[in-house]
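To start, the structure under review is shown below, and the notes come after it.
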Amino acid sequence: MASPKTSAPVAFSSLLSVIKGHFGEVVLAHRSDFGDDTIVVQRERWLDVLRFLKDAPSLAFNYLVDLTCVDYFGQEPRFEMVVHLLAFESGKRLRVKARIPEEDATIASLVPLWRSANWLEREVYDMFGIRFAGHPDLRRILMYDEFEGYPLRKDYPLKKSQPRVPLLSPEREEEEEI
Amino acid sequence: MDTEKSLSPSAEVDILEPTETRRMRVNVGPSHPAMHGVIQIVVEVEGETIVYSDTNFGYLHRGFEKECENHTYQLCIPYTDRLNYVSPLINNEGFCLAVEKFFGVDVPERCKYIRTMLSELSRISDHQTCIGAAAMELGAFTPFLYLMKGRELIYRILEEVTGHRLTINYMRPGGLAANLPEGFFEHLRDIIPVIREVTSETDKLLTKNRIFIDRTRNVGAISKEDALSFSYSGPCLRACGVAYDVRKAFPYSAYDRVDFEVPVGSTGDTLDRYLVRMGEMEQSVRIIEQCMRQIPDGPVSVNDPRVILPPKQEVYHTIEGLVNHFKLVYEGIRPPKGEVYQMVEGGNGELGYYIVSDGTGRPYRVRVRPPCFMIVSSMDFMIKGAMMADIVPVFGSLNMIAGEMER
Amino acid sequence: MAGPSSYMFVAAILFLIGAVGVVVRRDLIVILMAVEIMLNAVNLQFLAFARQLGQSEGQVFVFMVMVVAAAEAAIGLAFVLLLYRTRKTINVDNINLMRG
Amino acid sequence: MGLNIDYEHLNQELKDTLQKARPAPPSGFVMAKLDEAIGWARKYSIFQYPFVTACCGMEFMSVAVSHYDIDRFGAGMPRFTPRQADVLFVVGTINHKQAPILKRVYEQMCEPKWVIAFGACASSGGFYDNYTTVRGADKIIPVDIYIPGCPPRPEAVLDGLIMLQAQIQQEGYMNKRKALRKQGLKELHGQP
Amino acid sequence: MQVAFFWLFSALAVGCALGVVLKKNPVVSAVFLMGSMFALACLFLLLDAHFIAVIQVLVYAGAVMVLFGFIIMILNLPQEELPPLTLGVTRAWGVAFGAVALLFLAGKFFPTKEGFMPTPQEFGDVRFIAGPLFKEYALAFELTSLVLLVGVVGAVLLAKRKA
Amino acid sequence: MWIDLLIVTCKVLFMFLFVLGIAGLLTWVERKQSAILQDRIGANRASIFGVRMIGLFHPIADALKLFTKEDFVPLHGHRVLFMLSPALAIVPALMTFAVIPFGDNVHVLGREVSLRVSDINAGVVLVFAISSLSAYGITLAGWASDNRYSLLGALRGAAQMFSYEVVLGLSVVGILLVYGTLDLNEIVRAQGGYWLGFIPRWGVFVQPVGFLLYFTAAFAETKRMPFDLPEGESEIVAGYFTEYSGMKYAAFLFSEFCEMVLVAGLSATLFFGGWQLPVDVARGLAFPLVGVVHLSGSWVALLQVLTFCLKVVAFLWLLMQIRWTLPRFRYDQVMALCWKVLLPLVLLNIAVTAAAVLAVKG
């Protein structure tokens, strides 16, 4: 595997047409503001699209850079999964997104494609409460098991803490809360 | 220290399943000398061989991302210092580059060189800490102190520039907080030989040390394919033989104008990771020397009222300047609506910032791509079948920085 | 003055304790230990007689016994380990088959 | 600076507080000398338990190197088992996930024991004020010395250590100290 | 003096041996066995067999017992797995036999007052043992080395074998 | 009778003071030596009445503090064995010094007195017999603590000490073959004099391989840095003494230092001429201006004791230097080193030595 940029990157438009040629209308939206190419895909085809992006020889987005989620509180659908990909051969980067509604906060897991998705998805589950279908070991990772709620959701208050041990001098605590 | 037999939040494992001899379950961490205080590896050993392990962390989760959503862009910078606290300048740089990407501003040349130079100094201190700590955990206390001595000199010069030793808060979107102080280059010229000397002393103590080699060679080896599947980056990936370096592949600041090599290993074991780091320290010194030669004079910040505070002269004497200052401080800089991803080469690899802006003075969402998160996620994979004592060098060479990993 | 008979008496008691231990205990390791006690009782006897007769043969035999005892302990314990691996027990009551 | 602080008064107040907190000096020459000797020994033989979590750990390393050398004060020996440690250095942010472990480690330490809160986060939570952080280690365990700074400079750490040494010298013999701590805990928990 | 020491160490040896058999925890048994070995070594000293005494400590206390301890800890059995003493039919026979033998001993072998015959000066010396060991009993000596070799190989084979 | 008793008491007292003193001092030396190696100053603040004495009071402070520290016994551990094992660790280490000679026999009060506590003619074997007992201390300590780190440490310690004892014992066989005796004083006496007029007849020149093997094995027995797996700080926290506090912990520390002194003393005795002076005092000391000075017997004895102490100190320094330079082995590496490298070498050494002795002596 050579260092990136050995072959010319695929143009964004041809990439879109390749995806369209394979899946039909799976890309809901696309833009490339600030130099970052972005596509939004259907949630139901999430795993298929990413598998195609990874395996198709002309694309070969074989490196999972990052996987995260954004909570657009008040919009519908509420959550947006964001995955950053890198094609190692060509040095092309791509951002893939999918919208997830609050009432059915599930999406397919990417663990079959990349092993690093394991912990990343656990983190998203921990922070946003999104469930990943097919994840081998979905449990909290940064927070403790007793923690209730999902701290990075916009409706979780910044300062609402859930202590595991009784804190000393509770009266002082109250004083500070004011 | 039977720390938290009952507290263990880990998964339940049936230890009564038929085995050859009785398995023993040992808690390594979270408050354990080799675990930097913040990671817990529950291992099950048969004799000394690890048959099962489960890595738990989050003991330093400080809510970085949530805090950022509640602060203006400038106020996020101190929080970025404390992500990878061993090389805070690189974290600053990544965040500033990401915000600059929103505005499309191009910082002055001098600023680029200073950023490059200071980033490389931070990288040296990062690698020194990593190697030193790993050596200390193997029992070699003396190399650790030698390296820390070298790091101390870097801290002093950084303090000269930025006013603080460690948590620096020096870079700003659109430039720097201040220009370089007088006598900076003389001082830098003085310490470079010392840094080289410290490195070579460590080299003598470790690289040819038979015990050190025995402890690290073929320990925690990972193949190219596995490493990529785990989204490795940085020295750990390069130790596997993949010459991927953000500084070369996607140059930022002044990296496209300096000449440096990317040290690459072959087997991806602990020894290779150590050697790659040693090589990178040498390359960093080379970059610094080139920057010292090439750096131009001039301002260190762009003259753009959207991102940079106006000069004090204008604030005191013109109403536009005063209003501009007030708005920048009170409301913060307001990038356009949208989202960016910007990566830099951190001490551990690709450090990316994904920022979503809703057009207000506070970021809607800040996500950090922590390089060591992915690297540490391979811990269980790497130590399976290894010996109990191998946890220490493997974990040390992965250079987990909890602030970055757990944010 | 403690003479040969005193030593014989002590050695006999030790031997007896060892023998009863072998019969009474169920833990294989402890049984091995009891065997060691018996061997030692014999050693004491040997030495007492050697001293009485002023000959070196008694001491030589003690030497041999020790060697055999050490080898016995090593083999015995290796056997215990193997047994535990196959049977998950070292209780002699549960080990009543030579095979399987 | 324009601040008008009555340092005289503050100092007097501090002295009074210390006087109140301090156990009565032992009666009798021999006991007093014994007390003093034990205080002396304890202050120059500090085995530390580094409870290192975060950024402050970097400066904690710096304190050990040749430029600062904490070993000069007899505190250079880290013991990673709480049983053998005298001083618990809480270095870095404590979050709610970490809190029970810190408490456990503190409880595992043998008397006499002291706690140093190293850095802003351990002292007060620092600028992390959110759902996950504990606002200072003293919310969980009693703390003797607070070292400010984010992270504190090594000089500040050494200063804190010297203050702790002075405090150790002042304190009395073990049993008395134990009683004092029990009483203090009772006050803190508000129950026997 | 000698008599006092003799009875002291004898009592120690017997007491520790009883401890081995009666204590239910195998580690404690091992410690008692070590005590018993040590007391026996002292008895050997009283018999002027210095060399054998030292070897006794070296081989038994130093090596064999550590091996026992090692194995016990490796297995690390929970205590309740092995009830210490149970009296089945055969065991009852064993105890009965022991009691009878003890009575017999007390009657027949009770120690008399007479002492040892005078022994040669060099009785406990290494040379005194080495002579016959390497001359008359050379074959036996070599055979024991064979036994040891077989022991080593056998132990390794047994322990390494996968069940 | 009472004079004999007095002499024995004096010897025992001297031996105790020597070992305890040196071991106590070693804690200070360790700190200072590491400080020098690491470009630091090291402990120097403890002062009595304003006198600092380059940190010499720090060991006193440590001892006093550990005395007054709370004594902890784990709830589920084995109480008696937990209390017993520190003693089991320290007593053998102290006992072995009984047979190490500090000097040649001297005439005191009309009788010949050997400068060692006990005259046992199987001295070498006794040393190994007793020191092999110290494995109990750590094994039982680890087991009785009811702690998994401790148990792992105990297992490692038992296996390691057990294995290296074999090499340790066999490595000295070469020396025994050469000098034909088990008596340490005899061995030292045989090392007097010179070859070619300037090479001292030290054991190390006859048994260089034997010395290296002995030193390695003995180092492993002290459980110090490259071999400190039983307490391997970064892996199993503090190994077998994880649960110990206060004086019991101090006992373990102390036994480690005592073992160091023992290793140094035995190395000096067996391989470096023990109390033999580097110059031939029997012929008198020739000074350039003063001329030949003949020394009386007691002066010679004093010089011999001093020489022995100096040799011990030199070895201790070497041990310290190694400890602060090398990283730690892994468990299987330690075992492989013992059984696959040292053991064949030591057997070869015995065979070669035996052949050579046979050839020379006929």
Side-chain angles (χ1 to χ4, degrees), chain C residues 1-10 12-14 16-21 23-27 29-30 32-34 36-37 40 43-44 47-48 50-54 56-57 59-60 62-64 66-75 77-82 84-86 89-91, chain E residues 2-3 6 10 13-14 17-18 20-21 26 29-30 33 36-37 40 43-44 47-49 52 55 59 63-64 67-68 71-72 75 82 85-86 91 94-95 98 101-102 105 109-112 114-117 119-120 123 128-129 131-133 137 140 144 147-148 151 154-155 158-159 161 163:
Chain C
M1 195 61 194
S5 59
S6 320
Y7 282 93
M8 258 169 79
F9 181 67
V10 173
I13 289 182
L14 277 176
L16 207 65
I17 292 174
V20 171
V23 177
V24 165
R25 290 297 297 251
R26 306 165 72 187
D27 185 338
I29 295 179
V30 179
L32 277 175
M33 289 189 205
E36 296 289 337
I37 294 179
N40 267 283
N43 279 354
L44 186 64
L47 275 180
R51 169 73 200 268
Q52 175 73 1
L53 301 173
S56 60
E57 271 78 357
Q59 299 195 46
V60 172
V62 171
F63 216 80
M64 308 274 182
M66 278 186 189
V67 172
V68 173
E72 173 247 306
I75 294 273
L77 289 174
F79 187 68
V80 169
L81 205 62
L82 189 68
Y84 184 73
R85 277 184 193 166
T86 38
T89 178
I90 53 170
N91 186 337
Chain E
Q2 280 241 322
V3 179
F6 169 76
S10 303
V14 171
L18 278 176
V20 175
V21 176
S29 289
L33 186 54
S36 180
M37 300 297 168
L40 275 171
L43 284 179
F44 293 176
L47 283 169
D48 287 335
I52 294 288
I55 292 291
V59 171
V64 173
L67 195 62
F68 270 101
I71 296 295
I72 295 169
L75 296 183
L82 289 167
L85 298 166
T86 43
R91 290 194 184 80
V95 173
L102 196 68
L105 267 178
F109 284 101
F110 202 77
T112 48
E114 104 260 42
F116 281 110
M117 311 257 281
T119 42
F123 179 74
F128 190 71
I129 310 167
L133 187 60
Y137 300 101
T144 51
V147 169
L148 270 187
L158 279 177
R161 207 174 78 180

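Chain letters run A, B, ... following the sequence lines, proteins first and then strands; every chain starts at 1.
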Given a strict heavy-atom distance threshold of 4.5 Å, which part of Val62(C) is in contact with chain E: side chain, backbone, both, or neither? side chain
Using side-chain heavy atoms (C-beta onward) and a distance below 4.5 Å, is Arg51(C) in contact with Tyr7(C)? no
Residues two or more places apart in sequence or in another chain: which of them pass side-chain contact (heavy atoms from CB on, under 4.5 Å) with Ile75(C)? Leu158(E)
With a 4.5 Å heavy-atom cut-off, do Met64(C) and Tyr137(E) have their side chains touching? yes
Of Val68(C), Val20(C), Asn40(C), Leu32(C), the largest count of non-hydrogen pairs under 4.5 angstrom with chain E goes to Asn40(C)
Work out which heavy atom in Leu14(C) is nearest to a heavy atom in Ala13(E); give both atom names and the distance. CD2-O, 3.8 Å
Given heavy-atom pairs under 4.5 angstrom as the criterion, report whether the side chain, backbone, both or neither of Ala19(C) touches chain E. neither
Please state whether the side chain, the backbone, both or neither of Leu33(E) comes within less than 4.5 Å of a heavy atom of chain C. side chain
Please rank Ala140(E), Gly131(E), Gly154(E) by heavy-atom pairs under 4.5 Å with chain C and give me the top one. Ala140(E)
State which residues pass side-chain contact (heavy atoms from CB on, under 4.5 Å) with Ala30(E); sequence neighbours excluded, sorted by chain then number. Met33(C), Met65(E), Ile72(E)
